[in-house]
Amino acid sequence: MDLQRSLFDDFENNDNVAEQSASKAQQPDTKAQQPEAKAQPTGDEARILELRETLNRHNHSYYVLNQPTISDQEFDHLMRELQDLEAQHPEFADPLSPTQRVGSDLSQGFQQVTHERPMMSLGNSYSIAEVQDFLRRAKDGLGGEPVEIVGEMKYDGTSISVTYENGRLVRAVTRGDGVRGDDVTANVITIRSIPLELPKDMDYPTRFEVRGEILMPWASFERLNKERAFNEEPLFANPRNAAAGTLKMQNSAEVARRGLDAYFYFLLGDNLPYKTHTEAMEAVRSWGFKVAHTEVLESIDAVSDFIERWDQDRKTLPVATDGLVFKLNSLRQWLNLGATAKSPRWAIAYKFAPERECTKLKFVSFEVGRTGVITPVANLDPVLLSGTIVKRASLHNEDIIRQLDIHDGDMVYVEKGGEIIPKIVGVDTKQRQPDAQPVKFVTHCPVCGTALQRIEGEAAWVCPNKWECKPQITGRIEHFVARHAMNIDGIGEEVAAQLHESGLVDNIADLYDLTIDRLVALDRFQLKSAQRIMRGIEQSKQVPFERVIFALSIQFVGETTAKVLARNVHNIDRLMAMSADELAAIPEIGPKIAQSIVEFFAVDSNRDIVERLRWAGLQMALSEQELASRTTKLEGKKIVISGVFQHHSREEYKAIIEQNGGKNVSSISKATSFILAGDNMGPAKLEKAQKLGIDIINEDQFLMMIE
């Protein structure tokens with residue numbers, strides 16, 4: 001009998017303990033079936049196959065074993081050779097080629113797939129006593145026979161099921177509701193630690209399924225949130241949310257860029273030959289997968305030691321964890337114990353308490369942002385939190401400093417688990433020195449010395465010296481070149497500062513006066529870097545008008561507001577000429593944003609910059625095609641999108657809504673006009689819509705509505 005399959009067949013009816021032991025699993029020939037013999041490939045086809053195998057092997061060494069065997073330059077050279085050969089020979093195309101790891105810019109919908117075996121969730125425990133209760137229940141259910149327990153890391157990501165046939169990845173499906181999930185294969189093949197093809201000399205089943213967690217490593221998470229903060233986008237709360245959101249993106253090229261990872265903890269299939277969980281996972285590891293750390297534990301004391309050890313050691317891991325999993329090792333015992341309607345009886349999760357550390361406040365620095373806002377930052381004695389060394393934590397504003405009553409040299413509590421960035425959550429006043437003084441907020445800009453001004457109605461202080469304060473100048477340059485603005489590759493924080501300090505760029509318009517010769521004359525600047533920047537500058541001339549508005553760094557004008565302005569004013573000349581009252585009359589603008597826009601264009605140097613950008617060739621108006629396609633059919637309507645669609649992707653529907661004057665909103669409220677619903681609309685949204693009496697429109701009705 002197939003143990004792993006039987007565990008999930010009719011699991012709803014497995015409330016009674018099995019009375020008979022399962023028969024021993026037969027030892028099948030697990031070697032993947034080989035296709036019929038054919039002539040050996042020659043010439044370019046043979047080289048393509050050789051390159052694919054070589055690149056797959058190097059990918060595994062780098063992303064799974066962390067033991068690269070060639071340099072990045074050598075790897076890139078092999079990849080380019082393969083790309084060139086595949087372009088010359090489309091007849092040899094393979095969707096699992098290493099060249100496909102970069103993903104596609106084409107939109108795709110997610111189809112629902114029924115799991116061959118339900119994906120259950122685990123029951124939780126929070127103490128060693130609860131783990132002991134789990135073991136006692138397991139032994140009672142097995143008639144008192146001995147059990148062997150294994151401990152595993154519980155990674156904090158999003159669950160995935162990946163199916164292989166003849167050693168090739170054929171499908172990847174999310175957990176969904178446990179019975180059905182979304183087919184996200186196109187996104188999963190971009191994750192470099194997941195094998196696309198298994199080595200041909202390995203013994204693996206003809207068909208099998210592995211389950212695990214898709215994760216966003218801490219390094220990728222912090223890089224992504226830094227980008228989002230810079231682009232004034234909402235930050236992800238934690239790596240789990242970031243991984244889940246990334247895996248469901250419609251653009252697999254963006255998925256590839258974000259750097260996801262994966263660890264696996266479960267093998268399923270027909271007629272598997274393994275008697276224990278540890279045997280099965282060792283086999284999975286040998287096939288090239290990253291496998292969750294697993295240990296056999298001989299006693300309850302060993303379980304306790306395992307918990308205590310990993311509560312500390314997990315902080316050094318490159319990915320987020322939120323606990324441990326304890327399982328019986330015998331697959332026969334899994335079968336005999338069965339499962340409830342929701343959870344297996346042979347495994348339980350153990351959840352760690354939120355991470356918090358106490359460390360010393362060395363000093364508070366005050367930093368100037370792109371818009372002049374002063375942010376206090378706690379500089380700390382280094383402390384390890386959630387896999388990274390934390391040395392700094394934002395104190396946000398003067399009010400937070402007062403609420404925490406922070407004094408110089410205080411011992412402060414820092415948390416990071418589940419938070420966006422390290423956060424000071426309290427002070428240990430018992431360790432405060434008697435002569436310690438309260439931290440005082442600065443009164444003048446720490447860079448240019450200008451007296452600060454308080455923003456009316458807010459807790460923020462700002463430096464008003466917008467046009468001469470260095471951090472504000474370089475911040476505007478960084479913002480202008482960012483991916484969601486003009487998308488000029490090659491200019492980051494250091495390069496922006498270097499360009500400004502060298503005298504080449506005093507404002508964003510100066511970027512269009514750069515040349516390759518001027519760039520390579522700078523210290524440590526290579527020709528290749530200069531060429532990349534110049535390509536980005538040239539390509540930025542095709543960036544649409546709404547992103548040009550966003551790139552100007554007008555205070556309070558974020559990406560969404562810039563779209564609203566472009567849709568309503570159509571060109572830069574009208575925007576510069578409008579009064580505050582005219583601007584405030586535009587839906588979603590309001591007096592605060594309107595006044596900021598008027599003040600921005602009242603500065604002569606800003607108007608000069610706009611004219612220079614116009615002369616450089618930037619898009620200063622909506623194109624005739626965009627204007628012709630815009631309508632007011634959805635004007636004033638707030639629309640929520642939910643579900644999976646057939647005719648267009650979610651992103652395309654969002655663009656259509658904006659194109660027709662509507663507004664995309666993420667949550668349902670009384671102000672929602674209607675919901676554009678695809679298949680498998682979220683049950684919580686459906687319930688709330690019905691409760692509030694919100695209309696639900698399917699995509700065919702919607703397309704008819706806008707003709």
Side-chain angles (χ1 to χ4, degrees), residues 103 107-113 115 119-122 124 153-162 171-194 210-225 227-228 233-266 290 292 317-323 325 349 351 386-387 416-421 640-645 649-651 654 666-667 678-685:
S107 295
Q108 60 199 356
F110 295 116
Q111 293 189 346
Q112 293 275 303
V113 175
H115 293 295
M119 290 187 74
M120 294 183 288
S121 57
L122 297 177
N124 290 326
M153 291 305 305
K154 185 176 185 298
Y155 297 102
D156 196 13
T158 185
S159 298
I160 196 72
S161 167
V162 188
R171 181 176 293 119
V173 183
T174 63
R175 179 195 295 276
D177 61 6
V179 177
R180 303 181 72 202
D182 289 330
D183 186 332
V184 290
T185 308
N187 287 342
V188 165
I189 66 174
T190 70
I191 303 173
R192 295 177 183 269
S193 57
I194 297 179
V210 284
R211 291 180 178 175
E213 295 285 309
I214 301 295
L215 303 152
M216 179 169 286
W218 284 112
S220 299
F221 172 70
E222 291 174 354
R223 186 193 71 236
L224 176 61
N225 261 350
E227 289 178 5
R228 293 176 73 84
E233 297 174 305
L235 304 188
F236 284 113
N238 49 54
R240 180 187 63 254
N241 290 2
T246 299
L247 193 61
K248 298 297 287 291
M249 294 185 73
Q250 299 290 330
N251 184 341
S252 59
E254 177 64 13
V255 177
R257 192 188 71 83
R258 290 189 177 184
L260 295 177
D261 202 350
Y263 286 79
F264 293 90
Y265 51 74
F266 202 6
K290 278 188 175 180
L317 296 175
V319 294
T321 61
D322 61 350
V325 176
K351 291 298 190 76
S386 301
K416 188 179 180 185
E419 294 295 333
I420 298 170
I421 55 177
V640 172
I641 296 179
S642 182
V644 180
F645 299 93
S649 71
R650 291 167 69 99
E651 293 304 314
K654 286 182 179 180
S666 58
S667 58
D679 295 334
N680 300 293
M681 176 182 172
K685 285 185 175 178

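This chain uses plain numbering: 1 for the first residue, then up along the sequence.
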CD1 of I194 to CD1 of I189, rounded to nearest 0.5 Å, is 10.5 Å
Contacts of V173 meeting side-chain contact (heavy atoms from CB on, under 4.5 Å) (sequence neighbours excluded), chain-then-number -> V113, H115, R171
Closest contact, heavy atoms only, L260 versus A243: CD2-CA, 4.0 Å
If you measure only the distance, is there a donor-acceptor pair under 3.5 Å linking the side chains of D182 and Q111? no
Identify, with sequence neighbours excluded, every residue that meets side-chain contact (heavy atoms from CB on, under 4.5 Å) alongside K154. D322, V325, A349, K351
Locate the shortest heavy-atom distance separating I160 from E213; write the atom from each residue and the value. CG2-N, 4.5 Å
How close do V319 and P217 get, counting heavy atoms only, and between which atoms? CG1-CA, 3.9 Å
Contacts of R258 that satisfy side-chain contact (heavy atoms from CB on, under 4.5 Å) - sequence neighbours left out: M216, L224, R228, F236, T246, M249, E254
Give me the atom names and distance for the closest heavy-atom approach of I214 to A262. CD1-CB, 3.9 Å
CG of N187 to OG1 of T174, rounded to nearest 0.5 Å, is 11.0 Å
Which heavy atom of P239 sits nearest to which heavy atom of W218, and what is that distance? CG-CZ3, 3.6 Å
After noting the C-alpha distance and the side-chain angles of T158 and N241, does the key distance pass the side-chain contact (heavy atoms from CB on, under 4.5 Å) rule? CA-CA 8 Å; T158 185; N241 290 2; over 6 Å; no
List the residues meeting salt bridge (Lys or Arg N to Asp or Glu O under 4.0 Å) with R175, not counting sequence neighbours, and say none if there are none. none
Pairs where residues 241-264 contributes a residue and the test ring pair (Phe, Tyr, Trp, His ring centres under 6.0 Å) is met, not counting sequence neighbours: Y155-Y263, F264-F289
Between G259 and R223, what is the shortest heavy-atom contact and its length? N-NH2, 4.4 Å
